[in-house]
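Fair warning: this is a prediction, and the values are worked out from it, not measured in the lab. In listed order, ligands and their atoms are each counted from 1.
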Amino acid sequence: MVRCYHMETPAAAAPAGGFFPSFLFLAFGTLVAALLGAAYRLGLFYQLTHKVDKASIRNGGENVAAVLKAHGVKFLFTLVGGHISPLLVACEKLGIRVVDTRQEVTAVFAADAVARLTGSVGVAAVTAGPGLTNTVTAVKNAQIAQSPILLLGGAASTLLQNRGALQAVDQMSLFQPLCKFCASVRRVRDIIPTLRAAMAAAQSGTPGPVFVELPVDVLYPYFMVQKEMVPAKPPKGLVGRGVSWYLENHLANLFAGAWEPRPEGPLPLDIPQASPEKVQRCVEILSRAKRPLMLLGSQALLPPTPADKLRVAVETLGVPCFLGGMARGLLGRNHPLHIRQNRSAALKKADVVILAGMVCDFRLSYGRVLSRSSKIIIVNRDRKEMLINSDIFWKPQEAVQGDVGSFVVKLVEGLQGQTWASDWAEELRQADRQKEQTFKEKALMPLAQHLNPVRVLQLVEETLPDNSILVVDGGDFVGTAAHLVQPRGPLCWLDPGAFGTLGVGAGFALGAKLCRPDAEVWCLFGDGAFGYSLIEFDTFVRHKIPVMALIGNDAGWTQISREQVPSLGSNVACGLAYTDYHKAAMGLGAQGLLLSRESEDQMAPLPCRTSGVSALGSLPTPGLCLAGLESHPCLPWAYPLRPSDSATLPEDREGLEGSGLRGSLAAQSPWAFFFVGPMVPFLPSSFTH
Ligand SMILES: Cc1ncc(C[n+]2csc(CCOP(=O)(O)OP(=O)(O)O)c2C)c(N)n1
Ligand SMILES: [Mg+2]
């Protein structure tokens with residue numbers, strides 16, 4: 001038996017009608033039905049034909065591992081707990097790499113990264129109670145980002161739930177609003193079918209997280225569960241014997257048919273497709289367009305259309321594009337169709353806009369950024385999400401429910417080589433070049449002290465290798481990076497998505513490096529955001545997973561500060577110090593480096609490429625670059641605040657003493673690589689819209 005909380009129970013059928021011969025007959029019939037129902041619930045019928053193998057030392061964790069293996073799962077992220085030990089050991093035995101993190105939330109972020117980069121399901125397993133509650137932020141983040149992850153959770157034994165067991169909480173109620181499929185497995189024989197259904201649900205329709213609760217007694221072997229569940233000496237008295245029978249039957253029902261062979265592989269997926277009529281109508285709209293524009297979002301990169309096929313389709317279509325979320329990098333670096341700046345202005349000028357996996361949430365000002373005179377085609381797997389805020393702030397000409405990548409491919413086939421006025425794309429590129437020129441000027445602005453963050457990010461852009469994956473976690477520093485640093489190819493950019501979660505960095509980097517070991521994984525952090533990830537450098541070191549981190553250390557939660565100070569007149573809770581994060585990471589066995597004004601000349605290009613620690617990706621070492629960039633809050637180029645605002649900002653923050661290149665690389669441990677220094681804050685609200 002599995003409790004599936006996502007399903008609605010059908011309403012009780014009304015009596016078929018007719019004449020009941022007598023009250024006695026009715027009462028007897030009800031009694032028989034109740035007894036049959038009870039026997040069914042106790043598993044007595046099932047046990048007639050399915051045996052319990054009392055001598056077997058197998059455990060339910062092996063069934064879990066078998067399903068994961070049959071679905072091609074390569075990594076299981078976890079933080080251990082006795083409730084889930086059997087499944088971890090079983091995964092290890094089947095060759096699934098078990099990667100243990102220092103916080104459960106990191107395990108789920110890592111699974112999310114695997115899901116996004118491989119197009120399959122990322123899997124994390126955590127222990128009951130606090131293990132699961134610790135994952136809530138990452139599960140919600142995955143739900144908003146529509147990332148298919150499977151969360152496996154331990155639980156108190158089936159008999160002890162709601163009886164005061166250790167680490168017990170109503171986990172199903174907790175995850176039901178966060179997951180598209182939630183199930184609690186109640187018998188060993190249900191593990192395999194439940195997990196197959198969960199894996200299929202995660203990827204079908206609009207992808208998202210799924211949760212399967214595995215109580216401790218469905219994961220351990222019969223003899224161990226028997227020892228815990230059934231009293232050694234048979235109790236006396238009628239009640240005692242009744243309880244004893246109940247427990248023995250519960251145990252038998254738990255294990256009946258447990259090891260019978262069952263199919264373990266993937267179930268077919270249900271992926272919605274646009275109807276040919278819808279595609280044809282969109283072809284017609286587009287064939288009349290003069291200034292079409294396409295906005296591609298994360299859904300465009302979902303299977304079944306491979307990224308390369310989508311890229312070819314987009315190039316063939318020839319429509320200028322803005323790329324967001326997982327679609328960033330789709331066209332590589334400096335592609336003529338890829339427009340990067342001034343999106344609002346471009347949207348105002350376009351006569352047809354295709355929102356391919358983009359929705360009208362805050363990122364498009366709830367639809368207000370779209371012009372009433374543009375014809376809007378929107379395509380999305382999720383109908384509700386697709387139509388959000390429609391008829392209030394915007395109106396679609398065609399709303400197409402279906403897989404985005406497949407739709408784009410069909411659209412291109414339908415248009416058969418249509419071309420657009422070349423001056424349209426050129427006009428957009430011209431606006432791009434102007435905006436980029438202003439960045440160049442900002443990068444050259446001399447500063448009284450500390451590093452210029454625009455310059456630092458420009459150097460990142462110049463230095464980043466072709467085989468890199470960028471992970472971004474922070475506020476203004478990474479918001480600016482989104483404008484200055486270009487991912488080198490499809491699926492080479494990971495950000496939290498619309499939930500805006502700080503703290504994704506280490507988990508995303510962990511998942512990314514594991515599924516793409518040949519790539520250099522560069523994680524750009526704000527100093528505030530980095531606090532969530534620091535301890536995971538222990539994970540990188542223990543598991544020999546080399547990633548690089550570059551921390552924009554502006555000694556503050558600047559993205560908040562720049563709004564809070566001018567509007568509310570206080571910087572309370574927004575200040576941090578120029579902490580030597582590189583030393584903290586070195587203490588965890590990583591390598592660290594501080595880059596500051598005094599060592600600025602070593603910045604060009606970034607030390608990781610020039611100072612003997614090049615090709616970090618090839619080292620079996622996690623690297624941590626801590627770029628401390630001074631956070632003096634009154635920089636005219638970085639702060640688009642009103643002139644009077646700067647006066648209300650604090651003159652200085654504590655611990656401004658970022659300085660000097662700290663320690664030679666030769667003297668550092670072999671595990672990682674760091675780069676730190678004081679930098680100025682970014683306050684580029686104009687950069688981000
Ligand atoms: C988990 C979480 N907590 C808080 C916030 C609110 N928040 C958004 S940006 C930001 C500041 C980030 O500071 P930092 O990482 O140092 O980047 P900076 O803006 O200084 O470049 C904060 C606190 C959030 N988005 N997520
Ligand atoms: Mg900061």
Side-chain angles (χ1 to χ4, degrees), residues 103-106 108-109 112 133-142 144-145 362-363 450-457 460 471-485 495-509 523-534 549-568 570-581 626-635 637-641 649-650 653-656 658 676-689:
Q103 227 285 18
E104 284 87 355
V105 78
T106 310
V108 177
F109 284 137
D112 185 342
T133 55
N134 272 347
T135 67
V136 165
T137 300
V139 175
K140 184 70 196 176
N141 194 71
I144 302 277
F362 71 94
R363 289 166 290 187
H450 302 310
L451 300 175
N452 178 331
V454 176
R455 176 78 189 120
V456 170
L457 286 171
V460 172
V471 174
V472 296
D473 183 8
D476 283 343
F477 184 58
V478 304
T480 306
H483 286 261
L484 290 172
V485 184
D495 66 29
F499 202 41
T501 315
L502 294 183
V504 299
F508 278 10
C523 202
L524 306 184
F525 285 106
D527 55 328
F530 181 65
Y532 299 89
S533 283
L534 172 62
L550 175 71
I551 299 174
N553 189 357
D554 59 4
W557 304 92
T558 304
Q559 192 174 79
I560 305 304
S561 173
R562 73 174 151 89
E563 299 280 348
Q564 180 177 305
V565 172
S567 60
L568 298 168
S570 166
N571 199 42
V572 65
C574 293
L576 294 168
Y578 280 119
T579 303
D580 279 339
Y581 295 110
L626 300 180
L629 312 186
E630 173 185 274
S631 179
H632 196 282
C634 306
L635 294 167
W637 51 268
Y639 261 68
L641 302 179
L649 292 166
R653 297 181 187 171
E654 269 183 56
L656 283 179
V676 180
M679 79 171 190
V680 285
F682 288 88
L683 299 173
S685 62
S686 61
F687 295 3
T688 50
H689 296 293

Side chain to side chain contact (heavy atoms under 4.5 Å, CB included), paired with Val478, selected from Asp495, Val485, Leu524: Leu524

Pull out every atom of ligand 1 sitting under 4.0 Å from any heavy atom of [X], numbered as shown with elements.
| X | answer |
| --- | --- |
| Phe477 | 21 (O) |
| Asp554 | 18 (P), 20 (O), 21 (O) |
| Gln559 | 8 (C), 9 (S), 19 (O) |
| Gly474 | 15 (O) |

Side-chain donor or acceptor of Asn553 paired with backbone N/O of Thr579 under 3.5 Å: yes

Flag, side chain of Asp527 to backbone of Gly556, donor-acceptor distance under 3.5 Å: yes

Side chain to side chain, [X] and [Y], heavy atoms closer than 4.5 Å:
| X | Y | value |
| --- | --- | --- |
| Asp473 | Ser533 | yes |
| Glu563 | Leu568 | no |
| Thr135 | Val105 | no |
| Tyr532 | Leu502 | yes |
| Thr501 | Val504 | yes |

Tyr532 contact mode with ligand 1 (heavy-atom cut-off under 4.0 Å): side chain

Nearest candidate to atom 10 (C) of ligand 1, where distance is taken over non-hydrogen atoms, out of Val478, Asn141, Ile560: Ile560

The Mg ion (ligand 2) to nearest N/O/S of Asp476 less than 2.8 Å: no

Angular separation of Asp527 OD1 and Gly556 O about the Mg ion (ligand 2), given to 10°: 100°

Side chains of Asp476 and Thr558, donor plus acceptor under 3.5 Å: no

Closest approach to the Mg ion (ligand 2) by Asp554, given as the N, O or S atom name: OD1

Trp557-ligand 1 polar pair, N/O distance under 3.5 Å: no

N/O separation below 3.5 Å, Thr501 to ligand 1: no

Min heavy-atom dist Gly552 to ligand 1 below 4.0 Å: no

Contact with ligand 1 for Gly556, non-hydrogen, under 4.0 angstrom: yes

